[in-house]
Amino acid sequence: MQSLRKKSLENLLYKQARLFQNDEKYSALFGRNVFSKTILENYVNKDAFNQIEKAIFKGSEISRPLADQIAVALKAWALTKGATHYTHWFQPLTGGTAEKHDAFFDLQLFGKPMENFDGSQLVQQEPDASSFPSGGIRNTFEARGYTAWDPTSPAFVLGKTLCIPTIFVSYTGEALDYKTPLLKSLQSLDNAATEICKYFDKNITKVIATLGWEQEYFLVDKALAASRPDLIITGRTLFGHQPSKGQQLDDHYFGSIPSRVLAYMQELEFEAMQLGIPLKTRHNEVAPGQFELAPIFEEANLSVDHNSLVMDLMRKVAVKHDFMVLFHEKPFEGINGSGKHNNWSLATNTGVNLLSPGKTPMSNLQFLTFFINTIVAVLTHEQLLSASITSASNDHRLGSNEAPPAILSVFIGKQLTGVLEDLENVSKGKLSPEEKTDLKLNVIGKIPEILLDNTDRNRTSPFAFTGNKFEFRAVGSKSNCAKSVTTLNAAVAQQLENFGREVQILIEEKNMKKDDAIFNALRDNLKDIKKILFEGDGYSEEWKKEALKRGLSHYQNTPQALKACVSKKSISLFQQTKVLTEREAIARYIVDLKEYIYQIQIESRTLGDIARNHIIPTGIKYQNVLIENVKGLKEIYGKDYLKFAEVQIKIIERISGHIQEINKGIVTMVEIRKKINEIKDEFEKASAYCEKVIPFLRDIRYHCDKLELVVDDDLWPLAKYRELLFCR
Ligand code: ADP
Ligand code: MG
C-alpha cells in the first residue's frame with residue numbers, strides 16, 4: 001500500500017485555497033451572537049436590569065425570580081439566532097473547554113412540543129464530574145459536580161447552541177475549573193487595589209484587571225498531519241530530521257501571509273467577531289508555518305473566556321481549510337516554539353489605567369505605587385509564578401534561545417530604572433517642602449515624558465513593563481491563561497494589602513502625611529526589588545549565573561517547579577486572598593503532576609509504537625532493496641562485486657546499527673516505565689518520568705532521525721519537516 005505520506009503529498013498538488021468571502025464590516029459583525037447588556041436591556045424591565053448590573057458590578061446574588069426573567073429573555077433571544085440547544089460552558093482543569101448540550105425542546109403534558117428554559121436551568125446544572133481531573137477532591141461515592149452561571153461573562157450562541165459561561169465546582173463546593181479561582185482572585189485584587197486607590201481618588205470604587213493575550217500557533221496541512229501519529233496524539237513531532245532550511249533566513253517573520261492561511265484567518269475573524277472577540281492583530285511569526293493573533297485587551301475574566309473560545313474556534317475553522325492547528329509549545333525540534341504573551345494591567349471604574357502615568361504628580365505617584373507593588377509581588381512569588389506557566393510541553397520551549405529561561409526576572413527599561421534610583425535617594429522620614437517639590441517636579445513629574453519615548457523593549461525578558469502594562473511572556477501557547485493570571489492577581493492583591501497596612505502605620509504611628517507615607521513605604525521596597533530587575537539578555541549564559549548569585553530560582557523541569565504550588569508561602573497566599581483553600585491547592589498540584597506523568601507516558605508509548613511499527617519496518621524494507629542490489633551485483637561481477645557494492649553494504653550495516661539501537665532503547669524504556677508506574681507518590685513518579693524516560697525519547701529519536709536521512713524518500717512513511725513546515 002502506498003504510504004499515507006505519499007498520498008497526502010499527491011493530494012496537496014491538487015488542492016486550491018478555500019476562499020472565504022465576507023463583505024460585512026467587522027464593526028457590524030461584532031458581538032452579533034452575544035447576549036450583551038444592551039440586548040438584555042431590551043428584554044427585561046428597568047428594575048431587573050439594575051439588579052443584574054449590580055450583580056455584575058459587585059458580585060451580589062441574583063435571586064431566583066430574577067434568574068427566571070433572564071432565562072426567558074435568553075431563550076427568546078437565542079431562538080431568534082436559530083439556537084436549538086443550550087449548554088453550560090466551562091473550563092475544567094484539562095486546559096480545554098467543556099460542554100454538554102440539552103435541547104430547549106420539551107414535551108408538555110399531553111405531548112405538546114415546545115421550547116423550554118427557566119431560571120434553574122440557567123443558574124445551575126449537575127454534570128458528572130467523575131471524568132474530569134479533580135486531584136482527588138471528588139469522593140468516589142459522590143461523582144456529581146455543579147456548574148453555576150457566571151453573570152460577568154455574557155452568554156453567546158455558537159452554531160446552534162446557546163453557551164452559558166459557568167464555573168465548575170465539586171459537590172462539596174471545591175473548585176474544579178480555572179474560572180472559579182480566577183473570579184476570586186479578581187475580587188480580591190479589586191478589594192485591595194480599590195483601598196489603595198482611595199489615597200489618590202475617592203471616586204474609584206472598582207478596579208479590574210485587564211488582559212490582552214497574544215496567541216502563537218502553527219498551521220500544518222491536515223492530510224500531512226494525518227501521516228504523523230505523533231502529531232495527532234501528542235501535539236508534537238517526536239521524530240523528524242531538521243530540514244536544510246529552517247528559520248535561519250528570518251524570511252517568514254512579518255512576511256506576506258500565504259493566501260491559504262489568510263483565508264483561514266479571515267474566516268476565523270468572521271466567526272470570532274460575531275462572538276464578540278475583538279481580534280485586532282494577525283501576522284506571520286518567526287518559525288516557518290507559525291502565526292500569531294491578538295485581540296484588543298478586555299476585562300481579564302472575559303479575555304480568558306475569549307482565549308479559550310478562540311482556541312476552540314481555531315481548531316474548528318482549521319478543519320474547514322484542511323489545516324491542523326498546533327498549540328503545543330514546541331511542535332518541531334530545532335525551530336521556535338509557541339508562547340502566549342499575557343499583557344496585564346489594572347483599570348479603574350473612572351477609566352484610568354493604573355499602570356499608565358498620568359498628567360499630575362499625584363497620578364504619577366499612583367502609577368508608581370501600582371508599578372512598584374506589582375514588581376514586589378512578582379519577586380515575592382517568583383517561584384509560584386514560574387510554577388503557573390510550567391508544563392511538560394512548555395519545558396521544551398523555555399530557555400532554549402527563543403523564550404525566556406525558567407528564571408523569573410522583570411524588565412522595566414532604562415528610564416524607569418533611573419526614576420527608581422532617584423526615589424531611593426530621597427531622604428527617609430518626612431520630606432521637607434523643598435524635597436517634595438523637587439521630587440514632584442523632577443522625578444515623578446517627568447515620568448510621562450520619559451515614557452512617551454520609551455521605546456526600549458527587551459524581548460528576552462519573561463516579565464516586561466511595556467509602557468502601560470506588564471507582559472508575562474513565559475506563558476505557554478497551549479495553557480489556559482487563567483492559571484498565570486490568577487496567580488499574578490493573587491500575588492498583587494496580597495502585596496497591595498501589605499502595602500496599605502504599611503502606609504496606614506506610617507500615617508497613624510509616625511504621624512506622616514499621606515504622600516510622605518506612600519513615598520516611604522514605596523522606598524522601603526526599592527532595595528529588595530533590585531534582585532529581580534534585569535535589563536540584559538535573558539537568553540545568555542551569564543544571566544543564568546548571575547540569577548543564581550542573586551538567589552533567584554531557576555527550576556530545571558516541571559515537577560521541580562510545581563513544588564512551589566504547595567509551599568507554605570503559596571498556600572498562605574491562596575488562603576489569604578481566598579483564591580483557593582489548602583485542599584484545593586493540593587488537589588491542583590496533584591492534577592498538574594498527573595498531567596505531566598500522563599503526557600510523558602503517552603509520548604513515550606507513541607514514540608515506541610511508531611519506531612517499532614513504522615520506522616524499523618521501513619529501515620528493513622530499504623535494507624532489503626539494498627541486499628537485493630548487492631546480490632545482483634555479485635551475480636554480475638562475481639568476486640569483484642565489492643568494488644561496486646561497498647557503499648550499499650555500508651548503508652546496510654548502518655541501518656542495522658540504528659535498528660539495533662532503536663530496539664534496545666525501546667526495550668529498556670518499557671522496562672523502566674513499568675518500574676516507574678509502580679511508584680505511588682505523584683511527585684516521585686513525575687520526577688522519575690522526567691529524569692529516566694525523557695532521555696530515551698531523545699536517544700531513540702536520534703537514531704530514527706538518522707534513518708530518515710539514509711532511507712529512500714519514497715519509502716519514508718512520516719511527513720518530513722520540510723513538508724510539514726513549508727506546505728502552503
Ligand atoms: P506587542 O507586544 O506585540 O508589541 P502590543 O504591545 O501593541 O503588541 O499589544 C499587545 C497586547 O497588549 C494586545 O493584545 C493589547 O490589547 C494588549 N494591551 C494593550 N494595553 C493593555 C492594557 N492596558 N491591559 C492589558 N492588555 C493591554
Ligand atoms: Mg507583546
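Atoms within a ligand are numbered from 1 in the order they appear, just like the ligands themselves. When reading the values below, keep in mind they use all heavy atoms of this one structure, side chains included, and skip hydrogens, waters and symmetry mates. This structure is a prediction, so every number in the text was calculated from the model and none was measured. The first residue in the sequence is number 1, and the count goes up from there.
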Geometric N/O contact Phe297 with ligand 1, under 3.5 angstrom:
yes

Given Ser303, Pro278, Pro295, which has its nearest heavy atom closest to atom 15 (C) of ligand 1?
Pro295

Would you find more than 12 non-hydrogen atoms of other residues, nucleotides or ligands less than 6.0 Å from Lys54 atom NZ?
no

Close-contact set for ligand 1 against Asn353 heavy atoms, below 4.0 Å:
23 (N)

Give a yes/no on ligand 1: does His341 have at least one heavy atom closer than 4.0 angstrom to it?
no

Nitrogen or oxygen of Lys469 less than 3.5 angstrom from that of ligand 1:
yes

For Phe200, does its backbone N or O pair with a side-chain atom of Gln366 as donor and acceptor, under 3.5 Å?
no

Element-labelled atoms of ligand 1 that are located less than 4.0 Å from some non-hydrogen atom of Ser345
22 (C), 23 (N), 24 (N)

As an exercise, identify every atom of ligand 1 less than 4.0 angstrom from a heavy atom of Ile296.
16 (O)

Between Leu211 and Ala300, which heavy-atom pair has the shortest distance, and what is it?
CB-CA, 3.9 Å

Distance-only N or O hit between ligand 1 and Ala294, under 3.5 Å:
no

Are any of the N/O atoms on Thr210, whether in the backbone or the side chain, positioned under 3.5 angstrom from an N/O atom of ligand 1?
yes

Report the member of Leu354, Asn343, Thr466 with the shortest heavy-atom distance to atom 12 (O) of ligand 1.
Asn343

Under 6.0 Å from the ring centre and within 45 degrees of the ring axis: does the NZ or CZ of Arg236 meet both conditions for the six-membered ring of Phe332?
no

